[in-house]
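Shown next, in structure tokens, is the structure this report addresses.
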Amino acid sequence: METWRHDLFSLALFIRICEARSITRAAEQMNVATSAVSRRVALLEDEAGLPLLIRKPHGVEPTTAGLLVLRYARDVMHLGRQLDSALDDHRSGASGHIRVYASSSVLVECLAAHLSQFGREYPRIKLDLEERPSADTLEALHRRQADIGVVVAGSEMGGLSSFAYASDSLAVALPKAHRLAGSDHLRFSELFDDDHIALEPGTAVHRLLAEKSRAYQPGPRIRVQVRSFEVMCQMIGQGLGIGILPRRAVGPLAAALGLTLVALDEPWAERKFVICVQSPDHLSASADRLISFLRDQVRTAPEA
């Protein structure tokens with residue numbers, strides 16, 4: 001038996017005929033000539049190999065086979081409407097899949113909260129999030145393992161495009177009993193008498209401090225390198241050293257561990273976050289929607 005071939009318009013006509021119980025009325029409602037409708041019905045019946053309509057003096061009724069075709073036609077039309085809706089969503093960015101890589105600083109500072117809000121507003125967009133150092137994030141973008149990266153500005157972009165996002169400032173984390181804990185602000189050079197707890201290489205904070213330390217001889221003494229803000233703050237709280245961290249990102253953690261945060265009085269202590277992509281012209285609608293959403297959150301956020 002040959003595969004039954006049909007088109008959506010013929011199925012729509014058949015549905016209308018069965019609902020109106022009249023070929024003439026269906027033709028009028030669909031703005032098609034009655035003869036053209038009759039030809040399409042004849043083609044459907046020829047493909048089905050069975051009569052689909054019973055002709056009566058005052059109209060038509062579907063046969064048993066016609067009822068099967070009617071149910072099938074309604075299912076097909078419903079799937080067609082779902083496809084149209086899904087494509088509309090995809091074009092508008094209301095659904096999709098986005099791979100996001102971001103540094104710890106920006107995640108703790110603001111990105112995690114913004115992504116959570118985005119997920120609530122657009123539940124049909126799947127977000128895959130990876131917390132990675134800035135260098136790894138940029139590498140993932142170059143390798144197309146990520147759609148969007150969010151890093152600290154100043155990293156070598158290597159041809160990537162970027163958009164301004166948020167900002168933060170660095171502060172010195174000290175035990176409350178430390179001799180410098182009562183200061184309003186501190187210069188970098190005032191911190192060299194103490195041991196330092198530092199983040200591991202590859203992080204934006206480590207790269208920045210390593211670069212700035214080269215201007216001093218001797219520079220800060222690194223006692224321990226750790227992988228997270230939490231471990232860093234815990235070691236500072238135990239008196240093993242002091243550290244330089246993003247102020248707002250570690251504020252709640254520092255307060256919980258009894259640390260004092262003092263502003264770092266250096267022009268480079270104010271850091272900018274940027275959203276990076278391979279090319280703005282090749283963004284999916286959903287990725288473009290996320291970037292607009294993130295930037296809107298910063299523009300509309302109240303002043304701290």
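One-based numbering along the sequence shown.
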**OP:** Report yes if the side chains of Pro280 and Phe163 come closer than 4.5 Å at any heavy-atom pair, otherwise no.
**Re:** yes
* So, Arg40 and Asp7, do they make that salt bridge, N to O below 4.0 Å? -> yes
- Determine whether more than 12 heavy atoms belonging to other residues, nucleotides or ligands lie under 6.0 Å from atom CZ of Arg221. yes
Looking at side-chain heavy atoms only, is the closest gap between Leu264 and His185 below 4.5 Å? no
Ion pair check, Arg99 and Asp147, cut-off under 4.0 Å:
yes
**Request:** In sequence, state the C-alpha distance, the side-chain angles, and the governing distance for Gln225 and His206, and then conclude on side chain to side chain donor-acceptor pair (under 3.5 Å).
**Result:** CA-CA 10 Å; Gln225 287 186 329; His206 181 276; 3.2 Å; yes
When Leu129, Ile98, Val150 are each screened for side-chain contact (heavy atoms from CB on, under 4.5 Å) with Leu115, the one that passes is Leu129
### Query
Within a reach of under 6.0 Å around CZ of Arg144, are more than 12 heavy atoms found that belong to other residues, nucleotides or ligands?
no
CG of Asp75 to CG of Leu79, rounded to nearest 0.5 Å, is 6.5 Å
**Request:** Using a strict 4.0 Å threshold on nitrogen-to-oxygen distance, state whether Glu19 and Arg25 make a salt bridge.
**Result:** no
Using a strict cut-off of less than 4.0 Å between a Lys/Arg side-chain nitrogen and an Asp/Glu carboxylate oxygen, indicate whether Arg207 and Glu211 qualify as a salt bridge. no
Apply the test salt bridge (charged side-chain N to carboxylate O under 4.0 Å, His left out) to residues Glu45 and Arg39: give CA-CA distance (whole Å), side-chain angles for both, the deciding distance (0.1 Å), then the verdict.
-> CA-CA 10 Å; Glu45 290 182 322; Arg39 283 196 300 272; over 6 Å; no
Interatomic distance, NE2@His196 vs CE@Met235, rounded to 0.5 Å, equals 15.0 Å
Problem set entry | Cationic N near anionic O, under 4.0 Å, Asp194 to Arg179 | yes
Pairing donors with acceptors under 3.5 angstrom, does anything connect the side chains of Tyr165 and Arg295? no
inquiry  = Could you check whether any side-chain heavy atom of Phe293 comes within less than 4.5 Å of a side-chain heavy atom of Gln297, counting everything from C-beta outward?
reply    = yes
Apart from Leu138 itself, members of its ILVMFWY cluster (side-chain separation under 4.5 Å) are Leu141, Val151, Met157, Leu160, Val274
**Study point:** Side chain proximity check, Val60 to Ile17, heavy atoms < 4.5 angstrom
**Key:** yes
Correct closest heavy-atom pair for Gly243 and Ile236 would be N-CD1, 3.5 Å
Checklist entry - Should we say atom CD of Gln238 is surrounded by more than 12 heavy atoms from elsewhere, each under 6.0 Å from it? => result no
In sequence, state the C-alpha distance, the side-chain angles, and the governing distance for Arg248 and Asp168, and then conclude on salt bridge (charged side-chain N to carboxylate O under 4.0 Å, His left out). CA-CA 7 Å; Arg248 287 191 295 271; Asp168 75 350; over 6 Å; no
